[in-house]
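Shown next, in structure tokens, is the structure this report addresses.
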Amino acid sequence: MKESERGRMLLPLYDSGELTPQEKAEVETWLQSEPAAREELQALRALYQRLQQAPVYEPQASTLQRLRSDLMDKLEAESRLPFSPLAWLRQQLVAGRAAGQIGFTLAALLVGVFAGRQFFARTEIVNAPNIAPDILPALLAQQPIATERSVLAPHLANVHAIRIDAVTGQIEIEFSTVNNISLRGSTEDPMVRQVLAYAMRQEEQTGLRLRAIKAAGEITPAQMPEVGDNELTKALLQVLRYDANAGVRLKAVEALKKHPPAEQVKNALIQTLLRDANSAVRMQAIEALSRYQSAEKIPALETAAAGDSNGYVRLQAVRLLDQSRTQNMH
Amino acid sequence: MDERENRLIRQAQQGSAGAFAQLVAMHDRRVLQLAYQLLNSARDAEDVYQDIFLQVFRKLSSFRFESEFSTWLHRIAVNHCLNFRKKRQLRRYRSLESAQNEEQDDLPQPQDHGQDPERMLLNQELGERIQAALDDLSDQQRAVFVLRHFHGHKVREIAGILSCAEGTVKNYLFRATHHLQKKLQAYHEDQI
């Protein structure tokens with residue numbers, strides 16, 4: 001590399017004190033030998049100055065408060081009802097319910113698939129920090145494990161590497177323990193609710209998010225826990241606020257209409273009416289708000305009546321305002 | 001590393017939710033800023049916030065005090081943000097809605113520190129230009145530049161955060177700085 005190229009590459013760190021003495025000497029030689037190099041250094045210092053002038057994104061205290069609160073809710077939910085096949089299987093094993101089913105499946109499977117049906121005496125988990133050795137057999141179990149309400153059918157996932165030690169004959173296998181799991185049950189089952197909520201929040205495929213929301217709409221009021229404990233309602237509210245797809249948000253409002261009225265739902269609908277960029281979503285939100293006889297919705301309705309870009313939303317807002325006034329008169 | 005932070009980490013590792021909440025409160029503003037700088041969207045930064053700290057909670061037991069906690073935390077944050085950017089690109093392809101619905105309130109709001117309004121507006125515009133220039137960079141270059149200039153990490157720490165060699169970090173930093181210089185130079189000339 002030429003002296004100038006090397007000097008130019010190291011120049012961004014010249015003022016930082018992070019260059020080695022040799023690197024610093026290289027830059028200084030270049031700076032002394034070429035006037036253009038000194039200009040480059042001045043330009044760089046000007047850039048750093050500009051970077052300091054630029055405003056930094058500063059989250060509001062209320063935003064941080066909300067995020068912290070949501071986080072703690074999630075952590076609490078996670079510790080109360082972990083959505084983790086590993087944790088679930090661990091519970092089953094501790095309770096002794098599945099222990100009889102799993103036996104020595106691990107040894108049989110590994111021998112059959114990867115070791116050419118040769119028997120080896122000892123399996124050592126070398127590098128699987130997240131898996132307790134006693135869980136591994138259960139992860140590889142080929143038989144579905146049934147609970148009162150659900151059925152889990154774990155399968156072996158990808159094998160990444162197989163190494164054979166020619167001297168000792170030991171075989172080292174790296175494989176994934178993220179299994180395909182079939183879960184059957186109704187929305188009464190907390191685990192089903194947990195998975196649906198997860199799918200709504202995290203699933204990449206729009207179609208699956210939509211189906212999860214549809215399933216969440218099937219829950220009957222009798223099955224519905226309090227909103228504070230209800231993972232499904234929370235997930236629907238999150239979808240309504242953050243999902244990039246308007247169709248998904250629309251379905252979330254439809255599902256929420258089937259849930260019993262609740263303060264958090266009402267507030268989310270008001271925010272949707274005021275902020276959602278999609279008019280179809282706002283139309284659904286205003287329909288859903290008609291169930292709430294609350295004075296808190298009035299300012300939002302007045303805003304929508306005065307300025308919403310969609311004629312139907314404006315019309316509905318005026319109608320609901322009239323209704324509210326009539327009820328107040330009585 | 002400060003003693004109070006060490007104590008909180010140990011308590012959180014032993015299962016104290018209160019200690020974990022305090023750790024979050026000590027670091028989340030910087031993490032959110034980092035996520036914003038890497039994702040160029042306040043909404044996305046808020047989205048990824050939850051995932052980052054859930055991951056921190058799950059992995060905390062593996063923290064061995066071999067580096068600064070903030071470096072370890074930023075490693076998790078950067079990985080999440082880089083993955084999120086990839087998913088977001090995919091999602092934008094798939095979604096009927098494009099980036100045209102990005103929220104207007106994504107932009108950093110000018111802080112009124114007694115500056116004159118014109119200066120505030122110019123700085124605001126400068127901030128937008130910087131963010132746009134950062135968006136042109138590769139994921140790795142952007143991460144290096146942001147960690148270096150906005151979060152004060154040393155080259156050695158950045159190499160640890162991104163799992164690459166120090167020489168690679170220097171190379172990324174040079175390329176990113178050069179790009180920012182070109183972009184902001186053009187902006188400066190426009191203004192004149």
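Keep in mind that the numbers below use all heavy atoms, side chains included, and drop hydrogens, waters and symmetry copies. Chain identifiers are assigned alphabetically (A, B, ...) following the order of the sequence lines, protein sequences preceding nucleic acid strands; residue numbering begins at 1 within each chain.
- In terms of non-hydrogen atom pairs under 4.5 Å with chain B, the most contact-rich of A/Val248, A/Leu51, A/Leu10, A/Thr63 is A/Leu51.
- Annotation: side chain of B/Ile130 is not in contact with side chain of A/Arg50 (no heavy-atom distance under 4.5 Å).
- Counting non-hydrogen atoms of other residues, nucleotides and ligands closer than 6.0 Å to CZ of B/Arg156 gives a total of 12 or fewer.
- A heavy-atom distance below 4.5 Å is not found between the side chains of A/Arg68 and B/Phe53.
- Rounding to the nearest 0.5 Å gives a distance of 13.5 Å between CG of A/Leu47 and NZ of B/Lys182.
- Within 6.0 Å of atom CD in A/Gln42, more than 12 heavy atoms from other residues, nucleotides or ligands are found, so the atom counts as buried in its surroundings.
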- [ ] Show your working on side chain to side chain contact (heavy atoms under 4.5 Å, CB included) between B/Arg175 and A/Met9 and close with a plain yes or no.
- [x] CA-CA 8 Å; B/Arg175 289 180 193 286; A/Met9 203 187 101; over 6 Å; no
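- Ring geometry, B/Tyr36 versus A/Tyr57: the interplanar angle falls under 30°, so the pair is classed parallel (tilted spans 30 to 60°).
- No part of B/Tyr172 comes within reach of chain A, as not one of its non-hydrogen atoms sits under 4.5 angstrom from that chain.
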- [ ] Determine, step by step, whether A/Arg241 and B/Glu46 satisfy the side chain to side chain contact (heavy atoms under 4.5 Å, CB included) criterion, reporting the C-alpha distance in whole Å, the side-chain angles of both residues, the deciding distance to 0.1 Å, and the verdict.
- [x] CA-CA 11 Å; A/Arg241 179 147 187 214; B/Glu46 288 179 22; 4.3 Å; yes
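- Contact of B/Leu32 with chain A is made through backbone and side chain together, with heavy-atom distances under 4.5 Å.
- Counting only distance, with no hydrogens or angles, the side chain of B/Arg148 and the backbone of A/Leu13 share no donor-acceptor pair below 3.5 Å.
- Here the closest heavy-atom approach between residue A/Ala54 and residue B/Gly127 is recorded as CB-CA, 4.0 Å.
- Without hydrogens or angle criteria, B/Gln33 side chain to A/Glu58 main chain gives no donor-acceptor distance under 3.5 Å.
- Annotation: B/His179, atom NE2; neighbour count of heavy atoms from other residues, nucleotides and ligands within 6.0 Å is above 12.
- To the nearest 0.5 Å, atoms CG (A/Asp73) and CD (B/Gln50) are separated by 9.0 Å.
- With a 4.5 Å cut-off on non-hydrogen atoms, B/Tyr49 touches chain A through its side chain but not through its backbone.
- Residue contact with chain A, scored on non-hydrogen atoms closer than 4.5 Å, involves the backbone and the side chain of B/Ala25 alike.
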Task: Stepwise side chain to side chain contact (heavy atoms under 4.5 Å, CB included) check, A/Leu11 with B/Phe174 - done: CA-CA 8 Å; A/Leu11 201 59; B/Phe174 162 68; over 6 Å; no
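- Comparing A/Gln238, A/Glu40, A/Gln52, A/Met72 by how many heavy-atom pairs each has under 4.5 Å with chain B, the most go to A/Met72.
- Among the candidates B/Leu173, B/Thr177, B/Asp28, the residue making the largest number of heavy-atom pairs closer than 4.5 Å to chain A is B/Asp28.
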Open item on the list: Assess the residue pair B/Lys170 and A/Glu23 against the criterion (side chain to side chain contact (heavy atoms under 4.5 Å, CB included)); give the C-alpha distance rounded to whole Å, side-chain angles, the decisive distance to 0.1 Å, and a yes or no.
Closed with: CA-CA 12 Å; B/Lys170 286 176 186 171; A/Glu23 287 173 332; 2.8 Å; yes
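- Interface residue A/Leu44: backbone and side-chain heavy atoms are both found under 4.5 Å from chain B.
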